[in-house]
Amino acid sequence: MNIYIIAVGKLKEKYLKQGIEEYTKRLSSYAKIDIIEVADEKAPEQLSEQQMELVKKKEGERILGKITDDMHVIALAIEGKMMSSEQFAQTLDRLATYGKSKVAFVIGGSLGLSDDVMKRANESLSFSKMTFPHQLMRLILTEQIYRAFRINRGEPYHK
């Protein structure tokens, strides 16, 4: 399976980079994982609704430019479906079983994802009703993907 994490913005925090590198290394025996960064749109702190939509639209165009027709796209969004780690593992297993060898997870910028990206997504996933920094979501997602592969292989992993 080829897994792509398409994320808005550059990761600057060393501790997050180290955590992601660790899980990416662990995942290498299960799947190929590729993290694709797209530029975030510079915006002032205070934005009107119209300005926010424009920022999301521009970031969304960059995201959509990285998505190919043969990718199964899972958007990370607060309003997405919540699932347990076991259910997430089943989802990845189902995708692999039905020939979806390219799975792209999309993490938006600080304002979220554009409507166009949400329309392209095959499904949306929520990790919590809480809001997390999009940089931290990369680490959480990478860990959960690793956990899912361990679960699917019947290998031990902390509950």
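Scope of the values below: all heavy atoms of this structure, side chains included, with no hydrogens, waters or symmetry mates. For the single chain, residues carry numbers from 1 onward in sequence order.
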Pair Glu21 + Lys25: basic N to acidic O under 4.0 Å = no
Among all residues two or more places apart in sequence or in another chain, which pass the side-chain hydrogen bond (donor to acceptor under 3.5 Å, both in side chains) test with Gln90?
-> none
Using a strict 4.0 Å threshold on nitrogen-to-oxygen distance, state whether Glu41 and Arg62 make a salt bridge.
-> yes
Listed once per pair and sorted, the ring pair (Phe, Tyr, Trp, His ring centres under 6.0 Å) pairs that draw on residues 21-69, sequence neighbours left out | Tyr23-Tyr146, Tyr30-Phe149
How would you list all residue pairs meeting ring pair (Phe, Tyr, Trp, His ring centres under 6.0 Å) that involve residues 106-144, not counting sequence neighbours?
-> none
Compare all side-chain heavy atoms of Arg147 with those of Ile145 and state whether any distance is below 4.5 angstrom.
-> no
Charged N to carboxylate O below 4.0 Å: is that the case for Glu22 and Arg26?
-> yes
Look at the side-chain heavy atoms of Ile, Leu, Val, Met, Phe, Trp and Tyr, link any pair under 4.5 Å apart, and say whether Tyr15 and Ile140 land in one connected group.
-> yes
Cluster link Ile3 to Leu125, ILVMFWY, side chain under 4.5 Å | yes
Can you find a heavy atom in the side chain of Ile6 that is under 4.5 Å from one in the side chain of Ile107?
-> no
Could you state whether Leu136 and Ile36 fall into the same hydrophobic cluster, counting links through intermediate Ile, Leu, Val, Met, Phe, Trp or Tyr residues with side-chain heavy atoms under 4.5 angstrom apart?
-> no
SB check Glu37 Arg138 (cutoff 4.0 Å) = yes
Under 3.5 Å, is there a donor-acceptor pair between the side chain of Gln51 and the main chain of Ser48?
-> yes
By side-chain hydrogen bond (donor to acceptor under 3.5 Å, both in side chains), which residues pair with Arg153, not counting sequence neighbours?
-> none
Counting N and O atoms only, with roles assigned by atom type, does the side chain of Asn2 sit under 3.5 Å from a partner on the main chain of Lys32, one being a donor and the other an acceptor?
-> no
Could you tell me which non-hydrogen atom of Ile151 sits nearest to which non-hydrogen atom of Ala89, and how far apart they are?
-> CG2-CB, 3.8 Å
Sidechain N-carboxylate O distance under 4.0 Å for Glu59, Lys56 = no
Run the side-chain contact (heavy atoms from CB on, under 4.5 Å) check on Met1 and Leu95 step by step: do they pass?
-> CA-CA 9 Å; Met1 183 176 266; Leu95 290 171; 4.2 Å; yes
Can you tell me if Ser126 uses its side chain to pair, donor with acceptor, with the backbone of Ile78 under 3.5 Å?
-> yes
How long is the span from the CD atom in Glu86 to the OG1 atom in Thr91, to the nearest 0.5 Å?
-> 11.5 Å
In terms of hydrophobic clustering (I, L, V, M, F, W, Y; side-chain heavy atoms under 4.5 Å; direct or indirect links), are Val106 and Leu111 co-clustered?
-> no
What do you reckon, is CD of Glu155 surrounded by more than 12 foreign heavy atoms closer than 6.0 Å?
-> yes
Report the C-alpha separation of Glu13 and Lys17 in whole Å, then their side-chain angles, then the decisive distance to 0.1 Å, and conclude whether the salt bridge (charged side-chain N to carboxylate O under 4.0 Å, His left out) test is met.
-> CA-CA 6 Å; Glu13 295 82 357; Lys17 285 182 181 179; over 6 Å; no
Under the salt bridge (charged side-chain N to carboxylate O under 4.0 Å, His left out) test, residues paired with Asp70 that sit two or more places apart = Lys102
Determine yes or no for a side-chain-to-main-chain donor-acceptor pair under 3.5 angstrom, with Asp93 supplying the side chain and Asn152 the backbone.
-> no
side-chain contact (heavy atoms from CB on, under 4.5 Å) with Lys81: which residues, sequence neighbours excluded?
-> Met83
